[in-house]
Amino acid sequence: MASANDTRQMPKDAADQNFDYMFKLLIIGNSSVGKTSFLFRYADDSFTSDFVSTVGIDFKVKTVYRNEKRVKLQIWDTAGQERYRTITTAYYRGAMGFLLMYDISNQESFNAVQDWATQIKTYSWDNAQVILVGNKCDLEDDRVIPTEDGKRLADELGLEFFEASAKDNINVKQVFERLVDIICEKMNESLDASSGMNSTNHKNTALNETPASQSSSCSC
Ligand code: GTP
Ligand code: MG
């Protein structure tokens, strides 16, 4: 299993220390909703229709630029199968953002969203940002979850919402960019709040994983 701390095994991008922020993100949801496909589309711009169910957990690293900041994303792809739940929930801690995914052509995956949201509440940091993603929107003929139902559930759970397709590359980049932006917004709010409370202690928040030598204010 990959370890994010073991730089010897990492590709060049993963070991690159030249960044302003590092955000740990997790992709969760039922098996076969397309979590691995979504990550491969985003990180490698590739897609395969073969289904190789993820064993445990894996991650990829991608660096993005948002408002002149280099943001290194460590994106963890979790196994949806129930039997890996103990392993995968152990990775929720410290995650700043989640993509909670269902498949618009699979009722069961949509029914499970509430449970996944509860898992996030139980195991993750309170301020973690979450986007609900209805994947496989290319499968319009097989759709069983209307877009409105996805939106409504997202509203009820207080989450942002996108429909997307890893296969046709619809909204993949947009979902990650939005997640980065809402994490940055939250970070700025925390910085504002902490500088209001204590003007001498505005350099650190729980969200800030910037190397000590670099700026800690995010203008995303
Ligand atoms: P686990 O690892 O078991 O949790 O599953 P997963 O959520 O990672 O699913 P995975 O990405 O392996 O995809 C499951 C199947 O759905 C594969 O056959 C993919 O090719 C297919 N798939 C993934 N995304 C899409 C999509 O956007 N559209 C279509 N039509 N198929 C997709
Ligand atoms: Mg997978």
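Atoms within a ligand are numbered from 1 in the order they appear, just like the ligands themselves.
- Atom CD of Q174 has more than 12 neighbouring heavy atoms from other residues, nucleotides or ligands inside a 6.0 Å radius.
- Contact atoms of ligand 1 toward D138: 26 (C), 27 (O), 28 (N), 29 (C), 30 (N) (distance under 4.0 Å to a heavy atom of the residue).
- Within the listing of ligand 1, atoms 26 (C), 27 (O), 28 (N), 29 (C), 30 (N) sit less than 4.0 angstrom from a heavy atom of K167.
- Of all the atoms in ligand 1, the ones that sit under 4.0 Å from a non-hydrogen atom of L139 are 30 (N).
- Counting heavy atoms from C-beta outward, V113 and L153 have side chains that approach closer than 4.5 Å.
- The shortest N or O to N or O distance between A166 and ligand 1 is below 3.5 Å.
- Salt bridge present: R152 and D149 bring a charged side-chain N and a carboxylate O closer than 4.0 Å.
- Among the backbone and side-chain atoms of T36, an N/O/S atom is found under 2.8 Å from the Mg ion (ligand 2).
- There is no side-chain donor-acceptor pair under 3.5 Å between Q119 and T89.
- Within the 4.0 Å heavy-atom cutoff, F40 does not count among the residues contacting ligand 1.
- For the residue pair T36 and D77, a side-chain donor N or O sits within less than 3.5 Å of a side-chain acceptor on the partner.
- The protein heavy-atom contact nearest to atom 18 (O) of ligand 1 is S49 O, 2.9 Å.
- Interface of N135 with ligand 1, defined as ligand atoms under 4.0 Å from a residue heavy atom, comprises 24 (N), 25 (C), 27 (O).
- Considering backbone and side-chain atoms together, T54 places an N or O closer than 3.5 Å to an N or O of ligand 1.
- Hydrophobic clustering, with ILVMFWY side chains joined whenever heavy atoms are under 4.5 angstrom apart, groups I182 together with L25.
- For atom 16 (O) of ligand 1, the closest non-hydrogen atom on the protein side is K136 NZ, 3.0 Å.
- Qualifying ring pair (Phe, Tyr, Trp, His ring centres under 6.0 Å) partners for Y84, counting only residues two or more places apart in sequence or in other chains: none.
- At least one heavy atom of D50 sits less than 4.0 Å from an atom of ligand 1.
- Taking the six-membered ring for Trp and the full ring otherwise, the centers of F23 and F176 sit at least 6.0 Å from each other.
- Proximity of A79 to ligand 1, defined as any heavy-atom pair under 4.0 Å, is confined to the backbone N, CA, C and O atoms.
- Between Q74 and W76, the side chains place a donor N or O and an acceptor N or O closer than 3.5 Å (distance only, hydrogens not considered).
- Close N/O approach between G80 and ligand 1 is found [any backbone or side-chain N/O within under 3.5 Å].
- Near S165, meaning under 4.0 Å from any of its heavy atoms, are these atoms of ligand 1: 27 (O).
- Ligand 1 has a nitrogen or oxygen under 3.5 angstrom from a nitrogen or oxygen of K35.
- The protein heavy atom nearest to atom 5 (O) of ligand 1 is S32 N, 2.9 Å.
- Side chain to side chain, R93 and Y123 fail the donor-acceptor criterion of an N or O pair below 3.5 Å.
- Residue contacts to the Mg ion (ligand 2): T54 brings an N, O or S atom closer than 2.8 Å.
- For ligand 1 and S37, the ligand atoms under 4.0 Å from any heavy atom of the residue are 10 (P), 11 (O), 13 (O), 19 (C), 23 (C), 24 (N).
- Those atoms of ligand 1 that come under 4.0 Å of a heavy atom in S53, given as number and element, are 1 (P), 2 (O), 3 (O).
- The proximity of T48 to ligand 1, defined as any non-hydrogen pair under 4.0 Å, is limited to the backbone.
- Contact annotation for F38 and ligand 1: no heavy atom of the residue comes within less than 4.0 Å of the ligand.
- Remark: of the listed residues I27, L99, V175, V64, V64 is the sole one forming a side-chain contact (heavy atoms from CB on, under 4.5 Å) with Y42.
- We find that K72 and D20 are not joined by a salt bridge, their nearest charged nitrogen and carboxylate oxygen being 4.0 Å or further apart.
- Residue contacts with ligand 1: A164 is placed with no nitrogen or oxygen under 3.5 Å of a nitrogen or oxygen of the ligand (distance criterion only).
- Ionic pairing of K151 and E160 is not present here: no N-O contact between side-chain nitrogen and carboxylate oxygen is shorter than 4.0 angstrom.
- Aromatic ring orientation, F161 versus Y102: parallel (interplanar angle below 30°, classes split at 30° and 60°).
- For atom 9 (O) of ligand 1, the closest heavy atom belonging to the protein is G34 N, 3.3 Å.
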